Amino acid sequence: EVDAMFTFSGDKARFTAKGDGTVADAFLGLTWQQGDSGKGYTWAEAKTYCTNLVLAGTGWRLPTVCELKSLVDMSQPVGNKIAAPFQNSNPWFWSATAYQPSPSSGAWLVSFDYGYSNFNGVADNYRVRCVR
């Protein structure tokens, strides 16, 4: 599992806002959607939202729970534990990771209010932040 607390020495920043609505992750080599979906989606809709996202290009997908947890910054106060330069507009976000042993009925979410993950029913509505 990806540890949510990464540190860098010197002046190498982990996250860099690219000015086009995306954020580069120097540690994992990923590009993130800086904002979010703006509304809640079911799990299936969340995957479709990312697949169809055109933001500084295409190739977006729903992140795994480990990737999403890598955005948690536990040094931040409760209510806003998402790493800068992301904006926390809603506490819960879908991941692409299905809940085992019931993958057809549950999937993992990450809370940016408290910095932890939990699972919930795939028919529930939560926000989305895509990655590529």
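Predicted, not measured: the structure shown is a model, and the values here were computed from it.
- When side chains are defined from C-beta on, Arg129 does not count as touching Ser37, because their heavy atoms never get closer than 4.5 Å.
- Between Arg14 and Ser70 there is a side-chain heavy-atom pair separated by less than 4.5 Å.
- Using a 4.5 Å heavy-atom threshold, the side chains of Phe93 and Leu68 count as touching.
- One finds no salt bridge joining Asp113 and Lys81 here, because no Lys/Arg side-chain nitrogen approaches an Asp/Glu carboxylate oxygen to under 4.0 Å.
- Between Tyr116 and Trp92, the distance from one ring center to the other falls under 6.0 angstrom.
- Salt-bridge formation is detected for the pair Arg127/Asp36: a Lys NZ or Arg NE/NH1/NH2 atom is positioned less than 4.0 Å from an Asp or Glu carboxylate oxygen.
- Using modelled atom types, no side-chain atom of Gln76 and backbone atom of Asp73 make a donor-acceptor pair closer than 3.5 Å.
- A 4.5 Å side-chain heavy-atom check between Val23 and Lys18 finds every atom pair outside the cut-off.
- No side-chain heavy atom of Phe119 sits less than 4.5 Å from a side-chain heavy atom of Leu109.
- The closest side-chain heavy-atom distance from Val72 to Ile82 is not below 4.5 Å.
- Atoms CG and CH2, on Leu71 and Trp32 in that order, are 4.0 Å from each other to the nearest 0.5 Å.
- Here the options are Asn52, Leu62, Thr42, the test is side chain to side chain contact (heavy atoms under 4.5 Å, CB included), and the partner is Lys47; only Leu62 passes.
- Counted by atom type alone, Asn120 and Tyr126 present one or more donor-acceptor pairs between their side chains at under 3.5 Å.
- The minimum heavy-atom distance between Tyr114 and Ser111, with the atom names listed, is N-OG, 3.2 Å.
- Within the 4.5 Å cutoff, no side-chain heavy atoms of Thr51 are placed close to those of Arg61.
- For the pair Leu53/Gln33, a side-chain contact is recorded, criterion being any heavy-atom separation below 4.5 Å from C-beta on.
- Across Ala107 and Val122, no two heavy atoms sit closer than the pair N-CG1, 4.1 Å.
- Note: Trp94 and Trp43 have tilted aromatic rings, judged against thresholds of 30 and 60 degrees for the angle between ring planes.
- For the pair Gln34 (side chain) and Ala17 (backbone), a donor-acceptor distance under 3.5 Å is absent.
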Original post:
Passes side-chain contact (heavy atoms from CB on, under 4.5 Å), Cys130 versus Tyr49? Steps please.
Top reply: CA-CA 8 Å; Cys130 305; Tyr49 169 85; 3.5 Å; yes

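- Contact record, Pro101 with Tyr99: CD-CE2, 3.8 Å, taken as the closest heavy-atom pair.
- In this structure, the separation between CD on Glu67 and CG on Leu28 is 7.0 Å, given to the nearest 0.5 Å.
- Aromatic rings from Phe86 and Phe15 are positioned such that their centres are separated by under 6.0 Å.
- A side-chain donor-acceptor contact under 3.5 Å links Thr22 and Asp20.
- The main-chain N or O of Trp108 is found under 3.5 Å from a side-chain atom of Ser95 such that the two form a donor-acceptor pair.
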Subject >> side-chain contact (heavy atoms from CB on, under 4.5 Å) between Cys50 and Val128, worked out >> reply: CA-CA 8 Å; Cys50 288; Val128 182; 3.4 Å; yes

